[in-house]
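Working notes for the structure below.
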Amino acid sequence: MGTTLNIATPADFDLPRDVCSYGYFVLAPNRWDVQSQSLTRPLNLHDGPAKASITQPAKGRLRAGFDRPLSRSEQAQARAKIARMLRLDEAEDHTKAFHRADPRWKRSGRSRLFRSPTLFEDIVKTVTSCNVTWPGTVNMNTQLVRHLGRKGCFPTPVRLARTRPGTLRGRCRVGYRDQRLIELANLFHTGHIDEHWLQSPATPDDDVFDFLKTLPGIGPYAAGNILMLLGRYSRLAIDTETIRHGKAVLGFTGSDQQITTQLNAHYEPFGPFKFKSYWFELWAHYETKQGPSHLWKREETATAFTANNL
DNA sequence: GGTAGACCTGGACGC
DNA sequence: GCGTCCAGGTCTACC
C-alpha cells in the first residue's frame with residue numbers, strides 16, 4: 001500500500017490547465033492521461049524512485065498517490081518536487097499581477113507554466129530542444145529515461161556525468177550534444193551550479209542570463225528559456241518558432257533581426273511578464289488549431305506540435 | 001562585434 | 001531502399 005499525500009494549492013490552481021501549459025508536459029518521464037486528467041511520473045526520492053499519480057479532486061487541493069510507502073523526509077521531498085513542477089509557489093497575487101499587466105488571460109486564468117521537479121532536468125530538456133525539431137526532443141528524452149533513468153525516472157546528474165559520450169549519441173540519439181550534456185551533469189553533481197543564487201530574488205535577471213550563457217550548450221535562446229523555468233519572465237526566448245509567430249500571427253515583416261526587434265517592442269509593455277504574454281499567445285494559437293491542450297492525445301498532436309506542423 | 005560554417009538527427013521527397 | 005535536402009540553436013574561427 002503506497003502513500004497518498006494531500007497537497008493544498010493556491011485557490012486559482014487548475015491541474016489540467018496548469019500542467020498542459022508548456023511543452024515539457026509531454027516529455028518523458030511525464031505522462032498526462034487525457035481520460036483521467038491526471039499527471040503521472042516517477043520521482044527520484046531519498047530511498048529510491050517512487051511513481052506519483054497526481055489528480056485534483058477539488059479546488060484548492062491535489063491528491064498525489066505513490067506506488068510505495070514514503071518516509072517522512074521523502075514526503076517532504078515529494079511535496080517540494082511537485083510544488084516546483086506545478087509552480088505552487090506562484091500564489092494568487094502573482095497571478096493577479098500578471099492579469100493586471102495582460103488582462104487577455106484573466107478569463108482563462110492562465111498564468112503558470114509547467115516545469116520539471118529539478119532545475120537539472122529543466123536544463124537538460126532545454127538543451128535537447130535546441131537545434132532539433134520537436135519529435136527529436138521527444139525522442140531524446142524518451143531514450144534518456146529508457147537507458148539512463150532508474151525505474152523510469154529522469155537521469156540524475158551523477159548518472160549522466162558517468163555516461164560515455166558514445167552511449168548518449170548511439171542510444172539516446174542526442175548527437176553532438178553528448179559532451180555538452182556530460183559537462184552540464186558534471187557541473188551539477190560537483191556543486192558548481194549555485195541554485196540558491198540563480199533563484200534568489202536578489203539576483204538580477206541579467207546576471208542569471210549572463211551566467212547561463214557560460215554553460216555548455218546554452219546560448220541566448222536556451223538562457224532565455226531557462227530564465228522562464230526559474231520563474232523569471234522579463235525576457236523572451238526567441239527561436240524560429242517566435243519568428244514564425246511574429247510573422248504569421250502578429251503580421252511583422254522584414255529580416256529575422258528586424259522581426260526580433262519588433263517582437264521585443266511588442267512585448268515590452270508586459271514588463272516583468274513578457275515571457276508569459278508571449279507564451280500564452282503562442283499556446284492559444286496552438287489551441288485554436290488543435291483544441292484544448294489538456295485533451296491533446298500525446299501520440300497524435302503533442303509530439304508533433306509546432307506552428308509549422310499545425 | 002558580426003558572421004560563415006560545422007555540428008547531428010530524423011523526416012520528407014525523388015528516383 | 002537509397003541518396004539528397006532541410007530544419008533547428010550553439011560554438012568556433014575568422015575578419
How about A:F188 and A:F120: are their ring centres within less than 6.0 Å of each other?
-> yes
A:E281 and salt bridge (Lys or Arg N to Asp or Glu O under 4.0 Å): which partner among A:K274, A:R110, A:R104?
-> A:R104
Round to a whole Å and report the spacing from CD1 of A:I243 to P of C:dA7.
-> 15 Å
Under 4.0 Å between a side-chain N/O of A:R177 and OP1 or OP2 of B:dC7, yes or no?
-> no
Base of C:dG9 paired with side chain of A:Y176 (donor-acceptor, under 3.5 Å) = yes
Using the C1' atoms of five pairs at each end, what's the angle between the two axes of the helix from B:dG1-C:dC15 to B:dC15-C:dG1, to 10 degrees?
-> 30°
For the pair A:T137 (side chain) and A:T128 (backbone), establish whether a donor and an acceptor sit closer than 3.5 Å, ignoring hydrogens and angles.
-> yes
Per ring pair (Phe, Tyr, Trp, His ring centres under 6.0 Å), A:Y22 is matched among A:F114, A:W279, A:W32 by A:W279
By nearest-nucleotide position on DNA chain B, the 5'-leaning member of A:N131 and A:G136 is A:N131
Under 4.0 angstrom, heavy atoms only, what part of the nucleic acid is A:L168 near: base, sugar-phosphate, or nothing?
-> nothing
Scan A:G217 against the nucleic acid and name what it touches under 4.0 Å (heavy atoms): base, sugar-phosphate only, or nothing.
-> sugar-phosphate
Stepwise side chain to side chain contact (heavy atoms under 4.5 Å, CB included) check, A:L263 with A:L250 = CA-CA 9 Å; A:L263 283 163; A:L250 302 175; 3.9 Å; yes
Check whether the side chains of A:D239 and A:T242 place a donor and an acceptor atom closer than 3.5 Å, and report yes or no.
-> yes
